[in-house]
Number of protein chains: 2
Amino acid sequence: MSPSVTPHTEQDPKISRTHDARILDDLAQLIADEHIKPGDKLPPERTLTARLGVGRSTIREALTRWEALGMVERRQGSGTYLITPIEPTSPHVPIALKVEAESLIRTIEVRKVLECEAIALAAVNRTEKQMDEIRNCWQTLKDAHEKFGPSHDEDVEFHSAIMRASGNPLFNQIVNQLQEAMRVVYTRKPLGNEHIGDTSFPLHYDLLLALEAKDPDAARETIKDIIEITENEVREFLK
Amino acid sequence: MSPSVTPHTEQDPKISRTHDARILDDLAQLIADEHIKPGDKLPPERTLTARLGVGRSTIREALTRWEALGMVERRQGSGTYLITPIEPTSPHVPIALKVEAESLIRTIEVRKVLECEAIALAAVNRTEKQMDEIRNCWQTLKDAHEKFGPSHDEDVEFHSAIMRASGNPLFNQIVNQLQEAMRVVYTRKPLGNEHIGDTSFPLHYDLLLALEAKDPDAARETIKDIIEITENEVREFLK
DNA sequence: TAAACCCAAATGGTCAGACCAATTTTAATG
DNA sequence: CATTAAAATTGGTCTGACCATTTGGGTTTA
């Protein structure tokens with residue numbers, strides 16, 4: 001045979017759309033077809049390469065993605081194991097979007113833990129001045145909501161004012177960081193309906209009352225409800 | 001358990017530190033050194049290959065991990081962009097620089113909230129493989145403790161292994177960030193006695209047991225005790 | 001027989017080099 | 001100067017090779 005220089009014959013042009021999303025879909029489909037459950041071993045990468053008709057690099061990138069999200073676990077010399085259940089053939093929702101949403105869920109999970117504690121602290125430690133600030137933010141949020149519907153920015157500012165009143169700036173800093181990460185995902189991939197946060201709006205007033213009353217438990221419960229509404233909306237989207 | 005001493009079964013030098021983790025650390029370090037902020041472009045993969053002395057595949061796997069977590073964004077033909085602030089040697093950790101033990105308290109406060117929840121998750125979600133890893137870290141911590149006394153690094157690694165088992169990578173990421181901030185404060189201002197964490201050492205074994213037993217409440221309580229011991233030691237120093 | 005040992009196969013991890021595809025930059029052109 | 005075309009840049013994928021660890025089976029040994 002001719003040495004080196006392989007012509008690399010014409011590739012089947014059927015695809016040309018981002019392989020990435022297709023691979024995640026195909027992988028999920030395959031897992032569903034094979035009835036692979038959490039704890040089971042996935043087919044080896046070299047097999048997947050043949051089965052899905054893509055290079056091993058591509059398979060590995062997809063698996064690395066899932067590994068980062070804790071969906072699979074790799075053991076060198078042993079195999080790749082499924083950790084979380086993979087939903088079968090979700091008809092309308094491409095897996096790529098699901099991965100984004102998965103990431104969102106994890107962010108929300110952390111945010112919930114932090115905000116619950118920070119708000120309980122705020123209910124106890126808040127000064128009157130900080131309370132004024134919170135009331136202002138609430139007014140702004142309320143106006144914006146009544147005029148333009150759910151407004152992300154004002155909502156963030158309201159929460160941020162509360163975090164600041166906790167007495168520990170670190171809470172505000174980290175939650176803001178998470179919030180920013182969520183915003184990026186939101187704006188890039190609007191998850192279905194736009195009114196995420198709409199149903200939770202009334203609860204924000206309860207939050208204000210709990211802070212007025214310096215009731216840490218009520219505040220904690222309320223913010224928990226608020227965040228879980230968002231969480232559930234995303235989970236719902238995940239199907 | 002006798003030393004059957006075969007060439008390859010006996011290893012246990014300091015490794016266990018997957019190559020992968022090293023790359024993530026190096027990458028984070030590089031980002032810190034270059035003062036790369038969210039929105040900025042990372043060096044191209046081929047440059048990173050040279051800078052970090054590893055193959056491009058390895059670089060890509062690391063970046064794919066971060067992309068899955070929403071930390072970076074890739075644009076073909078353009079570059080890879082930083083989305084969230086990167087954790088490690090904290091150029092961006094605002095607390096460490098200007099604050100003393102006061103800020104340590106705040107950091108610990110946040111850490112407590114996060115770790116309590118993450119460990120409860122870990123107790124439920126951990127896989128057997130992750131449990132093995134935790135056991136190894138425990139052994140290492142125990143050895144180091146008996147030989148050299150309280151050892152910060154091994155302790156951090158032990159906690160990190162637990163965080164990783166929570167199933168939500170974000171916990172580990174943020175706690176590591178806080179941990180790093182604490183380390184900076186520690187080393188710059190050694191808080192009196194070196195044996196911070198000494199009294200809490202026995203509790204770490206209880207932690208291991210709680211995780212073995214998959215008991216989230218016991219795990220949560222134990223870690224709470226552990227962290228509060230540190231917290232009180234710092235408070236004591238503050239007074 | 002049962003345990004210990006050894007080795008080959010299986011499997012994930014890394015590397016190198018090439019080529020593809022999208023984007024950005026630069027040069028050429030009118 | 002604006003437009004367009006070519007070149008350089010950069011992420012995306014493919015192939016094939018080799019390394020490191022784990023697994024399992026066959027062999028030896030107590």
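A, B, ... follow the sequence lines: proteins, then strands. Residue 1 opens every chain.
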Record whether the side chain of B/Arg46 comes under 3.5 Å of the base of D/dG11 through a donor-acceptor pair of N or O atoms. yes

Count the heavy atoms of every other residue, nucleotide or ligand shown that sit under 6.0 Å from NZ of B/Lys224, and state whether that count exceeds 12. no

If you look at every strand shown and take non-hydrogen atoms under 4.0 Å, does A/Ser78 touch a base, only sugar-phosphate, or nothing? sugar-phosphate

So what does A/Gly55 touch, heavy atoms closer than 4.0 Å: a base, only the sugar-phosphate, or nothing? sugar-phosphate

Integer-rounded Å distance: [N] [atom2] and [X] [atom1]:
X       : N      : atom1 : atom2 : value
A/Arg60 : D/dG16 : CZ    : C1'   : 15 Å
A/Trp66 : C/dG12 : CH2   : P     : 15 Å
B/Arg75 : C/dA21 : CZ    : P     : 22 Å
B/Gln76 : C/dA22 : CD    : C1'   : 5 Å
A/Glu73 : D/dT21 : CD    : C1'   : 15 Å
A/Arg65 : D/dT13 : CZ    : C1'   : 14 Å

What is the ring orientation for B/His145 with B/Phe201, classed by angle as parallel under 30°, tilted 30 to 60°, or perpendicular over 60°? parallel

Mind checking what makes ring-ring contact (aromatic ring centres under 6.0 Å, His included) contact with A/Phe171, not counting sequence neighbours? none

